[in-house]
Engineer: 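The structure's right below; bear with me while I get my questions together.
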Amino acid sequence: MRSDQIKKGAVRAPSRCLLYSTGVSPSDLNKPFIGIASSFSDLVPGHIAMRDLERFVERGIAAGGGVPFIFGAPAVCDGIAMGHSGMHYSLGSREIIADLIETVANAHMLDGLVLLSNCDKVTPGMLMAAARVNIPAIAVTAGAMVTGMYEKKRRSMVRDTFEAVGQFQAGKITEKQLSELEMAACPGAGACQGMYTANTMACLTEAMGMSLYGCATALAVSAKKKRIAYESGIRVVELVKEDVKPRDILTLDAFKNAITADMALGGSTNTVLHLPAVANEAGIKLPLELFDEISERTPQIACLEPAGDHYMEDLDNAGGMPAVLFAIQKGLAHSKTVSGRDILEVAKSAKILDEDVIRAKNPYKPEGGIAVLRGNIAPCGCVVKQAAVSEKMKVFSGRARVFNSEDDAMEAILDNKIVSGDVVVIRYEGPSGGPGMREMLSPTSALHGMGLSDSVALLTDGRFSGGTRGPCIGHISPEAAAGGAIGAINEGDIININIPERTLNVELSDDEIKSRIAKVVKPEQKIKTGYMARYAKLVQSADTGAVLK
């Protein structure tokens with residue numbers, strides 16, 4: 001066993017002495033040492049119930065013949081960090097999580113890992129670590145929150161709090177209703193209720209084969225989730241004994257399966273950052289073109305919030321990810337899973353329990369949920385969640401309204417300075433220029449709440465929450481801070497968006513764009529000290545997954 005390096009032989013007497021001080025017994029030294037990377041936090045709703053899951057994972061590891069060791073990993077709640085300087089740190093936390101797990105696992109020569117995650121950057125960060133360290137590992141995502149209830153209608157965090165800000169600003173709801181909504185929309189523990197980034201990544205983790213089937217949609221605090229945590233603890237010890245490692249599972253076919261599932265679900269655009277970053281750690285390149293190729297041949301068979309009215313609880317009741325895989329099995333390739341079963345075996349043995357939620361025979365859309373656009377604004381590509389764009393806005397031309405930060409754009413939106421026919425351009429919010437590529441849920445939700453999502457578009461070199469809906473195009477590459485064309489757009493320029501044709505252009509000649517870029521005076525770096533200052537110097541373009549070099 002790998003852990004023999006810290007527990008076997010006379011020279012390891014000091015190490016054994018320290019292990020004994022933790023309560024380890026001599027008989028434990030013959031068992032696999034399994035680390036539980038737990039991202040428990042009192043700050044993050046998706047993570048507050050993890051103490052229970054830790055217990056069940058521990059019990060499973062012990063039942064399987066291993067020795068469990070819990071260690072901590074940080075978690076950022078994007079909803080709480082949204083709309084202020086805290087959001088600079090969200091994407092960068094993904095790299096911290098990967099580095100932390102690598103450090104603990106290698107410093108203590110652990111034999112295996114259970115990755116206890118949930119929210120947006122935690123799951124990809126942990127998967128990046130698993131691929132990098134490449135010791136047997138299994139992911140346990142902590143589950144979605146149940147919906148709230150207000151005025152006899154199910155409620156969720158994004159539609160009923162973020163969008164309510166715009167509704168209140170437009171005079172559509174009262175301050176009392178706003179207060180009542182914010183009390184009702186999030187009734188307890190779990191990841192936000194729709195197909196936002198956390199739940200999308202949970203679903204794709206299962207589709208890639210890195211979690212037991214059923215894990216992605218089993219709700220937080222449910223007995224089902226606890227049983228999966230227990231079984232995952234048992235299974236990771238078996239993976240150690242079988243010497244099945246993450247890179248045996250995270251193959252190119254596994255990533256293609258995940259992208260196919262993503263398109264079928266209408267998932268978050270953030271997966272276009274996270275899947276390439278995980279693949280990069282496994283030595284695999286996932287170009288943006290691959291996402292678009294798979295999207296064009298994969299119908300969207302589910303339509304959860306923010307694009308539709310279903311929630312994760314509905315997807316679970318409809319059969320969960322196995323049922324989704326059953327519906328898309330013709331687009332899947334053979335791939336191993338941590339369960340020991342081939343992903344196609346999982347797919348073929350499943351069934352759909354609600355054909356309105358999972359529409360295998362009558363898809364919601366003929367194409368997948370995400371489209372990759374290119375043009376003179378984004379020669380290296382950009383992404384849009386086309387599943388959440390109305391048909392009338394898929395082809396749109398409008399006047400540029402240019403802002404060098406999300407904060408300035410948000411102020412203009414709330415001051416009613418954005419009108420129908422505008423294209424809001426938010427730049428210097430990319431991976432380096434942000435730094436940290438802030439999510440733009442506040443401005444996009446405000447526009448929707450104010451009734452402008454069918455007449456105003458938004459472009460940014462930053463990114464969007466999985467909860468964003470409307471014609472919102474992000475990840476524009478190269479970013480403004482890297483001399484990208486988005487930095488050359490002036491107030492009043494005409495911008496043309498054509499999602500079916502996959503194009504995004506400003507009505508300027510190439511020579512004019514080059515001339516303007518040469519004259520651009522870039523704003524000062526927003527964060528000059530600490531981690532994010534270092535991050536800004538190391539992070540690569542969004543089309544690479546915003547990985548560090």
Engineer: Below 4.0 angstrom, N of the basic side chain to O of the carboxylate: do Glu238 and Lys241 qualify?
Structural biologist: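 Salt bridge: no.
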Engineer: Taking atom CG of Leu115 and atom OG1 of Thr205, what is their separation to the nearest 0.5 Å?
Structural biologist: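 Those atoms lie 9.0 Å apart.
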Engineer: Is it the case that the side chain of Gln193 and the backbone of Val146 share a donor-acceptor pair, with hydrogens and angles ignored and the cut-off at 3.5 Å?
Structural biologist: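 It does hold such a pair.
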Engineer: Are any of the side-chain heavy atoms of Val67 and Ile61 separated by less than 4.5 Å?
Structural biologist: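 Of all side-chain heavy-atom pairs linking Ile61 with Val67, none is under 4.5 Å.
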Engineer: Quick test of your reading of the model: are Arg427 and Glu479 salt-bridged, counting only N-O distances below 4.0 Å?
Structural biologist: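 Salt bridge flag = no for Glu479 with Arg427.
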Engineer: Any luck finding a side-chain donor-acceptor pair between Tyr535 and Glu95 under 3.5 Å?
Structural biologist: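 Looking only at side-chain atoms, Glu95 and Tyr535 do not form any donor-acceptor pair under 3.5 Å.
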Engineer: Looking just at side-chain N and O atoms, do Thr141 and Asn118 make a donor-acceptor pair shorter than 3.5 Å?
Structural biologist: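 Distance-only check fails for Thr141 and Asn118.
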Engineer: Taking Lys225 for the side chain and Ala218 for the main chain, is one N or O donor matched with an acceptor at less than 3.5 Å?
Structural biologist: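 Such a contact is found between Lys225 side chain and Ala218 backbone.
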Engineer: Which pair of non-hydrogen atoms, one from Gly83 and one from Glu406, has the smallest distance, and what is that distance?
Structural biologist: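 Closest approach of Gly83 to Glu406: CA-OE2, 4.0 Å.
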Engineer: Quick test of your reading of the model: are Lys224 and Asp316 salt-bridged, counting only N-O distances below 4.0 Å?
Structural biologist: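 Looking at Lys224 and Asp316, the cut-off is met.
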Engineer: Using a strict threshold of under 4.0 Å (side-chain N to carboxylate O), is an ion pair present between Lys121 and Glu439?
Structural biologist: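 Yes.
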Engineer: State the CG-CG distance between Asp262 and Leu204, to the nearest 0.5 angstrom.
Structural biologist: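 Result: 4.5 Å between the selected atoms.
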Engineer: On a heavy-atom basis, which atom in Thr161 and which in Leu181 lie closest, and how many Å separate them?
Structural biologist: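 Scanning both residues completely, I find the closest heavy atoms to be CG2-O, 4.3 Å.
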Engineer: Give a yes-or-no answer on whether the side chains of Ser41 and His47 include a donor-acceptor pair shorter than 3.5 Å.
Structural biologist: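 No, no side-chain donor-acceptor pair sits under 3.5 Å.
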Engineer: I'd like to know if the side chain of Thr147 pairs up with that of Glu313 as donor and acceptor (distance under 3.5 Å, no hydrogens or angles considered).
Structural biologist: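 The answer is yes; a qualifying pair exists.
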Engineer: Do you know the tightest heavy-atom contact between Leu212 and Ser232?
Structural biologist: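 Here Leu212 and Ser232 meet closest at CD1-OG, 3.5 Å.
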Engineer: When you measure from the side chain of Thr271 to the backbone N and O of Leu275, does any donor-acceptor pair fall under 3.5 Å?
Structural biologist: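 No; judged by distance alone, with no hydrogens or angles, the pair does not exist.
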Engineer: State, with a plain yes or no, whether a side-chain heavy atom of Thr123 is found less than 4.5 Å away from one of Met128.
Structural biologist: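 Not in contact.
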Engineer: If we count only N and O atoms by modelled type, under 3.5 Å, do the side chains of Thr251 and Asp253 hold a donor and an acceptor together?
Structural biologist: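 No, no side-chain donor-acceptor pair sits under 3.5 Å.
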Engineer: Looking only at atom types and distance, does a side-chain atom of Asn257 sit under 3.5 Å from a main-chain N or O of Ala333, one as donor and one as acceptor?
Structural biologist: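 Judged by distance alone, yes, a pair lies under 3.5 Å.
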Engineer: Please report the interatomic distance CE(Met1) to CG(Asp4), rounded to the nearest 0.5 Å.
Structural biologist: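 Answer for the CE-CG pair, Met1 versus Asp4, is 5.0 Å.
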Engineer: Is any side-chain heavy atom of Lys7 closer than 4.5 Å to a side-chain heavy atom of Met109?
Structural biologist: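 No. Closest side-chain heavy atoms not under 4.5 Å.
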Engineer: Determine, stepwise, if the pair Leu315 / Met195 fulfils side chain to side chain contact (heavy atoms under 4.5 Å, CB included).
Structural biologist: CA-CA 10 Å; Leu315 186 60; Met195 192 54 69; 3.9 Å; yes
Engineer: Got a salt bridge between Arg154 and Asp314, using NZ or NE/NH1/NH2 to carboxylate O under 4.0 Å?
Structural biologist: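 Yes, charged N to carboxylate O under 4.0 Å.
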Engineer: Testing the 3.5 Å rule here: is there a donor-acceptor pair between the side chains of Ser38 and Glu54?
Structural biologist: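 Checked: Ser38/Glu54 side chains pair up, N/O donor to acceptor below 3.5 Å.
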Engineer: Looking at every heavy atom in both Leu288 and Gly381, which two are closest together, and how far apart are they?
Structural biologist: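 Taking every non-hydrogen atom into account, CD1-CA, 4.0 Å.
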Engineer: Check whether the side chains of Ser25 and Ser27 place a donor and an acceptor atom closer than 3.5 Å, and report yes or no.
Structural biologist: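 Ser27 and Ser25 do not have a side-chain donor-acceptor pair below 3.5 Å.
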Engineer: For the side chain of Arg438 and the backbone of Phe464, is there at least one donor-acceptor N/O pair under 3.5 Å apart?
Structural biologist: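 Between the backbone of Phe464 and the side chain of Arg438 there is no qualifying donor-acceptor contact (under 3.5 Å).
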Engineer: I want to check something: taking the side chain as every heavy atom from C-beta on, are Arg2 and Ile135 in contact at a cut-off of under 4.5 Å?
Structural biologist: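 Heavy-atom side-chain distance check passes, below 4.5 Å.
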Engineer: Between Met321 and Val324, is there a side-chain heavy-atom distance shorter than 4.5 Å?
Structural biologist: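 They are in side-chain contact.
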Engineer: What I want to find out is whether Asp52 reaches Arg55 closely enough, with some N-O distance under 4.0 Å, to be called a salt bridge.
Structural biologist: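 Result for this pair is yes, salt bridge flagged.
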Engineer: Assess the side chains of Ser268 and Thr200: does a donor N or O sit below 3.5 Å from an acceptor N or O?
Structural biologist: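 Looking only at side-chain atoms, Thr200 and Ser268 do not form any donor-acceptor pair under 3.5 Å.
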Engineer: Looking at Arg463 and Met437, would you say the former's side chain and the latter's main chain have a donor-acceptor pair under 3.5 Å?
Structural biologist: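 Yes; judged by distance alone, with no hydrogens or angles, the pair exists.
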Engineer: Tell me, with the steps shown, if Asp78 and Thr197 meet side chain to side chain contact (heavy atoms under 4.5 Å, CB included).
Structural biologist: CA-CA 10 Å; Asp78 280 18; Thr197 305; over 6 Å; no
Engineer: Both conditions, 6.0 Å and 45 degrees, for the charged tip of Arg155 above the ring of Tyr150: are they met here?
Structural biologist: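 No, cation not above the ring by the 6.0 Å, 45° rule.
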Engineer: Take Thr337 and Ile249 through the side chain to side chain contact (heavy atoms under 4.5 Å, CB included) test and state the conclusion after the steps.
Structural biologist: CA-CA 6 Å; Thr337 73; Ile249 294 168; 5.7 Å; no
Engineer: Nearest heavy-atom pair of Met126 and Ala37: which atoms, and what distance?
Structural biologist: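 Looks like CE-O, 3.3 Å.
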Engineer: Considering non-hydrogen atoms only, spot the tightest contact between Met210 and Ala130 and give its length.
Structural biologist: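 Heavy atoms only, the tightest pair is CE-CB, 4.5 Å.
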Engineer: Go through the side-chain N and O atoms of Lys8 and Asn30 and say whether any donor and acceptor fall under 3.5 Å apart.
Structural biologist: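 Yes, side-chain donor-acceptor contact under 3.5 Å.
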Engineer: Using only heavy-atom distances, determine whether the side chains of Ser156 and Glu305 contain a donor-acceptor pair under 3.5 Å.
Structural biologist: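 Yes, because at least one side-chain N or O of Ser156 sits under 3.5 Å from a partner of the opposite role on Glu305.
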Engineer: Side chains of Pro306 and Lys385: closer than 4.5 Å at any heavy-atom pair?
Structural biologist: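 SC-SC contact between Pro306 and Lys385 confirmed.
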Engineer: To the closest 0.5 Å, what do you measure between CD (Glu281) and CG (Leu250)?
Structural biologist: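 Answer rounded to 0.5 Å: 11.0 Å.
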Engineer: OH/Tyr531 to CG/Leu538 distance, rounded to the nearest 0.5 angstrom?
Structural biologist: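 Going from OH on Tyr531 over to CG on Leu538, the span is 8.5 Å.
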Engineer: For Asp342 and Lys336, indicate whether the former's side chain and the latter's backbone hold a donor-acceptor pair under 3.5 Å.
Structural biologist: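 Absent.
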Engineer: Does Asn270 reach the main-chain N or O of Asp120 with its side chain, forming a donor-acceptor pair under 3.5 Å?
Structural biologist: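 Not confirmed, Asn270 side chain does not pair with Asp120 backbone.
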Engineer: Just checking, any donor-acceptor pair under 3.5 angstrom between side chains of Ser3 and Asp111?
Structural biologist: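 Ser3 vs Asp111: donor-acceptor pair found between side chains.
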Engineer: Drop me the distance from Ser211's OG to Glu206's CD, to the nearest 0.5 angstrom.
Structural biologist: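 Rounded to the nearest 0.5 Å, the OG-CD separation comes to 5.0 Å.
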Engineer: Indicate yes or no: does Glu242 engage Arg235 in a salt bridge with an N to O separation below 4.0 Å.
Structural biologist: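 Between Arg235 and Glu242 there is a salt bridge, with a charged N closer than 4.0 Å to a carboxylate O.
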Engineer: Show every ring-ring contact (aromatic ring centres under 6.0 Å, His included) that has at least one partner inside residues 81-138, sequence neighbours left out.
Structural biologist: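 Every candidate ring-ring contact (aromatic ring centres under 6.0 Å, His included) pair involving residues 81-138 fails, so no pair, neighbours aside, qualifies.
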Engineer: Can you tell if the side chain of Leu113 reaches within under 4.5 Å of the side chain of Ile101, non-hydrogen atoms only?
Structural biologist: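 A side-chain contact exists here, since the closest heavy-atom pair is under 4.5 Å.
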Engineer: Can you tell me which residue pairs pass the ring-ring contact (aromatic ring centres under 6.0 Å, His included) test with a partner in residues 190-235, sequence neighbours excluded?
Structural biologist: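 Of all non-adjacent pairs touching residues 190-235, none passes ring-ring contact (aromatic ring centres under 6.0 Å, His included).
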Engineer: Would you say Asp160's side chain and Ala185's backbone share a donor-acceptor pair under 3.5 angstrom?
Structural biologist: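 No; zero donor-acceptor contacts below 3.5 Å.
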Engineer: Compile the donor-acceptor pairs under 3.5 Å between side chains in residues 17-24 and protein atoms, sequence neighbours left out, one pair per line.
Structural biologist:
residue, atom, partner, partner atom, Å
Ser21, OG, Leu18, O, 2.5
Thr22, OG1, Leu19, O, 2.6

Engineer: Run the side chain to side chain contact (heavy atoms under 4.5 Å, CB included) check on Leu100 and Phe71 step by step: do they pass?
Structural biologist: CA-CA 10 Å; Leu100 184 151; Phe71 64 94; 4.1 Å; yes
Engineer: Indicate yes or no for a side-chain donor-acceptor contact from Ser442 to the backbone of Met440 under 3.5 Å, with no hydrogens or angles considered.
Structural biologist: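 No; zero donor-acceptor contacts below 3.5 Å.
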Engineer: So, Arg132 and Asp99, do they make that salt bridge, N to O below 4.0 Å?
Structural biologist: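 Answer for the salt bridge query: yes.
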Engineer: For salt bridge (Lys or Arg N to Asp or Glu O under 4.0 Å), just list the numbers for Glu231 and Arg59, CA-CA rounded to whole Å, side-chain angles, deciding distance to a tenth of an Å, and then say yes or no.
Structural biologist: CA-CA 9 Å; Glu231 295 295 337; Arg59 286 167 54 181; over 6 Å; no
